[in-house]
Amino acid sequence: DAGVIQSPRHEVTEMGQEVTLRCKPISGHNSLFWYRQTMMRGLELLIYFNNNVPIDDSGMPEDRFSAKMPNASFSTLKIQPSEPRDSAVYFCASVSSGNTIYFGEGSWLTVV
Amino acid sequence: DQQVKQNSPSLSVQEGRISILNCDYTNSMFDYFLWYKKYPAEGPTFLISISSIKDKNEDGRFTVFLNKSAKHLSLHIVPSQPGDSAVYFCAASGSGGYQKVTFGTGTKLQVIP
């Protein structure tokens with residue numbers, strides 16, 4: 001079975017540019033999460049979708065960040081405009097039931 | 001405010017010995033706890049979990065202990081192997097319906113051959 005698939009794996013962009021990260025959750029999983037990993041804060045939840053509907057976006061840092069889930073098999077996290085402090089690893093994860101979250105391999109973002 | 005705390009950013013252990021990774025939490029509503037393991041350039045993978053109705057859960061070389069009164073849990077790895085070298089994240093959530101899973105900052109374990 002394919003796991004959670006994220007793209008791109010690595011992204012280097014200039015400050016001010018738009019960044020779009022993509023995620024395909026595990027088929028049949030009805031919940032999707034976007035996390036950000038930094039050294040200082042560990043894994044932070046940015047946003048949670050259930051059945052394609054955003055349920056909890058309290059972790060989205062500011063208006064520059066937006067996320068969508070147009071259907072059950074695809075989600076995007078967009079940063080516009082990007083800033084150097086957005087540099088981090090962004091993980092997408094999905095879960096079918098319970099609390100066991102399955103993570104993708106992450107998108108490594110560097111904003112210069 | 002860090003509700004799940006892993007105060008040791010790193011730990012080195014000799015192969016064959018016991019590794020003990022610690023985690024503290026502050027939210028008394030947490031009643032389900034998980035440990036995730038992360039290798040470089042990979043996403044975290046689920047390792048073991050424990051519900052608050054238990055104080056111990058064992059899976060092979062991995063055992064998680066929960067002390068609810070102290071709001072403390074620990075992961076024991078016995079015996080430690082070089083392949084266990086990774087970052088270990090502690091996580092906690094409530095139960096019932098949607099419950100946000102809160103992660104700690106991670107502990108980097110190095111098992112020395």
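Sequence lines set the chain letters: A, B, ... in the order given, protein chains first and strands last, and positions in each chain run from 1. Note that this is a predicted model, so its numbers are computed, not measured.
- Side-chain contact between B:Phe46 and A:Ile101 is absent, with no heavy-atom pair separated by less than 4.5 Å.
- Shown here is B:Tyr25, whose OH atom has more than 12 heavy atoms of other residues, nucleotides or ligands within 6.0 Å.
- Note that CD of A:Glu44 is 12.0 Å distant from CZ of B:Phe103, once rounded to the nearest 0.5 Å.
- Atom CZ in A:Phe103 sits 10.5 Å away from atom NZ in B:Lys38 (nearest 0.5 Å).
- In this structure the side chain of A:Phe33 never reaches within 4.5 angstrom of the side chain of B:Val101, judged on heavy atoms.
- Around the CD atom of A:Glu14, the shell of radius 6.0 Å holds no more than 12 heavy atoms that belong to other residues, nucleotides or ligands.
- Distance alone, capped at 3.5 Å, places no donor-acceptor pair between the A:Arg41 side chain and the B:Gly104 backbone.
- Within a 6.0 Å sphere centred on CZ of B:Arg61, other residues, nucleotides and ligands contribute more than 12 heavy atoms.
- In terms of heavy atoms, B:Pro44 sits closest to A:Phe91 at CD-CE2, 3.8 Å.
- Enclosure of atom CG in A:Asn71 by more than 12 non-hydrogen atoms of other residues, nucleotides or ligands within 6.0 angstrom is indicated.
- Following chains of ILVMFWY side-chain contacts shorter than 4.5 Å, one cannot reach A:Leu45 starting from A:Phe49, and the two form parts of different hydrophobic clusters.
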